[in-house]
Amino acid sequence: MVNIGVLVSGSGTNLQSIIDAVENGSLSASIKVVISNKADAFALERAKKHGIETVVVRVKDFPSRELFDAEVLRLLKERGVELVVLAGFMRLISSVLLEGFPMRIINIHPSLLPSFPGLEVQKAALDYGVKFSGCTVHFVDGGLDSGPIIIQAVVPVKDEDTIESLQKRILAEEHRIYPQAIQLFSEGRIQVRGRRVFVRDSQAPEKAVENPKVTIL
Ligand code: GRF
């Protein structure tokens, strides 16, 4: 069992997948608090509906990123949070939070990192013409979407894909692997050595993934 705090800014579908996994017993975690930097984030409604405490920390109330993070850190520590889960939290984290939770902050990103960090990720993947994309759960370090990778999931990119259709396919995988990553953490099975993350007793997939069907024009 691990005590988690979830940081959000938006719709909160990943938060929902975590709540659902806790409620159906596949994730052994307790969501102590959901913190948002946006008062109108739909994620807050999702949390309230399940009786989870919510707190809004407004960026404009703090003169610096460090002071904002210090407040978030205080709220998390006060509630006994052991793992910080970023779920669509649209802010960079400063050293204040990183040092408060060393290797205890994770994020999900909708690409196969290190490809396409940052924003407008699905557009970048389509524009580049990759045949596969996916999502990545990783530890947060000082960089942009750059910390050690815990789990990735791959999805094909189809010829007819739009930003929305690709986003939807990736999001379905996000909802599968984010609760899984938290569960691995909760079971104490994650070990970080340099950039590499090893999962005790994990089984690597047997088969390599193949290129999607080639269209002959
Ligand atoms: C997800 O695509 C996640 O990978 C990214 O932000 C989005 C959040 O979506 N970091 P939601 O708020 O969980 O629906």
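Counting starts at 1 for both ligands and their atoms, in listed order.
- Between Arg65 and Leu92, the closest heavy-atom pair is NH1-O, 2.9 Å.
- When hydrogens are left out, the protein atom nearest atom 9 (O) of ligand 1 is Asn14 ND2, 3.9 Å; that is the closest non-hydrogen contact.
- Looking only at protein heavy atoms, the nearest one to atom 5 (C) of ligand 1 is Ile108 O, 3.8 Å.
- Looking from atom 2 (O) of ligand 1 to the surrounding protein, the closest heavy atom is Glu174 OE2, 3.1 Å.
- Between Phe68 and Phe89, the two ring planes are parallel [angle under 30°; tilted spans 30° to 60°].
- A donor-acceptor pair shorter than 3.5 Å can be found between the side chains of Gln191 and Arg193.
- With a 4.0 Å heavy-atom cut-off, ligand 1 is reached by no atom of Gln167.
- Applying the 6.0 Å contact sphere to OH of Tyr128 captures no more than 12 heavy atoms from other residues, nucleotides or ligands.
- The protein non-hydrogen atom at the shortest distance from atom 12 (O) of ligand 1 is Gly12 N, 2.8 Å.
- Within the structure, the closest approach of Pro110 to ligand 1 falls below 4.0 Å when heavy atoms are considered.
- Annotation: atom 14 (O) of ligand 1 to nearest protein heavy atom, Thr13 OG1, 2.5 Å.
- What sits closest to atom 6 (O) of ligand 1 on the protein, heavy atoms only, is Gly88 CA, 3.6 Å.
- Between Ser133 and Pro110, the closest heavy-atom pair is OG-O, 4.3 Å.
- Glu53 has a carboxylate O that lies under 4.0 Å from a charged side-chain N of Arg79, or vice versa, which qualifies the two as a salt bridge.
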